Colleague: 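Sharing a structure, written as structure tokens. Questions coming.
Just so we're clear, the structure is a prediction, and the values are computed from it rather than from any experiment.
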Amino acid sequence: MKSTKRFFALALAFAMCMTFALPMAAADTSTDRADKLNLLGLFKGTDAGYQLEQPSTRIQGIVMLIRLLGKENEALNETRSAPFSDVGWGKEYTSYAYNTGLTKGTGADTFTPDKQIKAIEYVTFLLRALGYSEEAGDFTWGTQLSLANKLGMVNQLAVQHMSNMDLDRGDMVDLSYAALTCAMKTGSKTLAEKLVSEGVFSRSQGVSAGVIGSGVWTYNYEVPKGPAIVHTKPKFGSLDVDLLTIDPTGVKIKAAMVNNTLGATASFKNIVNASGADAVVNANFFEAYNDFKIPIGHVMVNGQFLYASTGLSSLGITKDGRLSIGRPAVFVGIKDMNGNTLWDAFEVNTPFQGEWLSTLYTPAFGKSVTIKAPGSILTVRNGAISAFEYKAAGSVVAIPADGYIVYMGNGVTSESYFRKPVVGTKVQLEPHLFKADAEGFILDKNVESIISGAPRLVQDGYIVTELEDGFREARFTTSSTPRTAIGINREGKLLIVSVKSATIQQMRELMLNLGCVDAFNLDGGGSTAMYHNGNYIRTPGRELTTTLQIFEK
């Protein structure tokens, strides 16, 4: 952020009366242009900051117009009066504008200085700064935006949508910046070049600010999006349904595990309070009735697998918010520094061990792991192999805080192609798919969150009635119970549903009815939890370990 101290030293007495502001907080692009206009002497303010998201008033608009005309000194020395009885601060500006034909006010004796200025009003001011006028027949009321579009000041969407739009200060800055790059009616120079010729700022300053020599800069209006997270209660038979519809382009979606540690749990309210998220729901099933409350299915947090066990439907979320659902068969490669896979771990932090299993254990599992079936342990610390040794069943092996271990069953290490690890070898982990996912789930470095669940409810726009292993008991066939489900619709939006009570068949029909192309069931029963914008829509009856958290950008 540019320093504003030198400006204050020169202009504090005048600026304290202004409603414009100096560089503080706002959208990056508008702030950048506000900085440039400030350095050109066209946009001033106080120590309250730019406040670019605040409404722009009519008095601010007329002051900005006079600066763009290079006439501020003349306005400050204006001695002629205007008929406006409602103007306090800025009277000299409105008097100058009235007497030079820049404004007629809103009535015979009113200017309405504090009213939020309309986009069409301010564009009219800017066209006048470029030498165009209604009197000369250059435009009529209602055609200003069309002329501005022809000049390159605004895009076509602006013509369609801005005629009744109120301006905020950021809009005013951006429109003013665009006008500086437009040609004057005479066509001989741009507005910025005209101001250089009048000594308002130097040519080098104009070039540095990008308003000279860089072509026309256009104000690109975009149709505003609605809220990124919308909570509704759609009607579907007798079900009590709560639906969160999420636009992934307007949010950050992340999987989370309590303390990033396997088996750790916390109350839902504590999870919500610690997250700062705008919406939170329960995610994976987990071993709620065991001492070690491990999740079921894949859990990736911030690009790292905290748990990986293939077989269930999974939702993957990339860094840029792209969503995909599939049944990814995840392996984790232990590679040399040239990218060659030396060994594979078939699972991450699971309790499963055996002759033909290879399991990666990271600090998320805990400080140690008990060996249940005899095998060999590969230990990696600080990115290098530090040990490879056989361990008998019942052995307790430490998991290094600066690395990980890989359990390899006797069957794995007895294969003819197995290469015995060499201590000191530099290695790196890289998860990958054992085989291509039939549904197109891509696992690459852009994926940073994964959660899993079952049964599958909808696939490719059709109801799925098959049940996965471990999900064939009554609570997944005939029982009606609280449930959470997640899906993606044809628009690419994420749909999260919480119901007070439903059967799996009702959930299938519900998710299809809501427009889901793909959907699957998450944990439910006593784990059913949903929070949005300060409202605990569903409060679970137990502590949770894994959640999905959504943050509006």
Colleague: Does any pair with a residue in residues 275-286 pass side-chain hydrogen bond (donor to acceptor under 3.5 Å, both in side chains), and if so which ones, sequence neighbours excluded?
Modeller: N282-T484

Colleague: Report yes if some heavy atom in the side chain of I377 is under 4.5 Å from a heavy atom in the side chain of Y407; otherwise report no.
Modeller: yes

Colleague: Is V332 close to E347 at the side-chain level, that is, under 4.5 Å between some pair of heavy atoms?
Modeller: no

Colleague: Is the shortest side-chain heavy-atom distance between V348 and T359 below 4.5 Å?
Modeller: no

Colleague: Taking the side chain from T261 and the backbone from A264, do they hold a donor-acceptor pair closer than 3.5 Å?
Modeller: no

Colleague: With a 4.5 Å heavy-atom cut-off, do V517 and Q459 have their side chains touching?
Modeller: no

Colleague: Verify the neighbour count for atom CZ of F434: are there more than 12 heavy atoms of other residues, nucleotides or ligands below 6.0 Å?
Modeller: no

Colleague: Please state whether the rings of Y221 and H161 are parallel, tilted or perpendicular, taking 30° and 60° as the class boundaries.
Modeller: parallel

Colleague: Thinking salt bridges, do K426 and D336 make one under a 4.0 Å N-O criterion?
Modeller: no

Colleague: Taking V280's backbone N and O only, do any of them form a donor-acceptor pair with H532's side chain (distance below 3.5 Å, no angle check)?
Modeller: no

Colleague: Between K293 and E287, does at least one N-O distance fall below 4.0 Å, as a salt bridge requires?
Modeller: no

Colleague: Looking at D437 and R327, is there a salt bridge between them, counting it only when a charged N and a carboxylate O are closer than 4.0 Å?
Modeller: no

Colleague: Can you see whether S56 engages D171 through a side-chain donor-acceptor pair at a distance of less than 3.5 angstrom?
Modeller: no

Colleague: What I'd like to find out is whether the side chain of T477 reaches to under 4.5 Å of the side chain of I504, using heavy atoms alone.
Modeller: no

Colleague: Less than 4.5 Å apart, side chain to side chain, heavy atoms only: is that true for E53 and R169?
Modeller: no

Colleague: Compile the donor-acceptor pairs under 3.5 Å between side chains in residues 241-250 and protein atoms, sequence neighbours left out, one pair per line.
Modeller:
residue : atom : partner : partner atom : Å
D242    : OD1  : H231    : NE2          : 2.7
D242    : OD1  : K233    : NZ           : 3.3
D242    : OD2  : K233    : NZ           : 3.2
D242    : OD2  : R538    : NH1          : 3.2
D242    : OD2  : R538    : NH2          : 3.2
D247    : OD1  : T249    : N            : 3.0
D247    : OD1  : T249    : OG1          : 2.8
D247    : OD2  : T249    : OG1          : 3.1
T249    : OG1  : K225    : NZ           : 2.9

Colleague: Quick one, K391 and V397 - any side-chain contact, counting heavy atoms below 4.5 Å?
Modeller: yes

Colleague: So, is the end of the K420 side chain (NZ or CZ) under 6.0 Å from the ring centre of F388 and within 45° of the ring's axis?
Modeller: no

Colleague: Is the closest basic N to carboxylate O distance between D518 and R456 below 4.0 Å?
Modeller: yes

Colleague: Below 4.5 Å, heavy atoms only, C-beta onward: do N260 and L306 meet side chain to side chain?
Modeller: yes

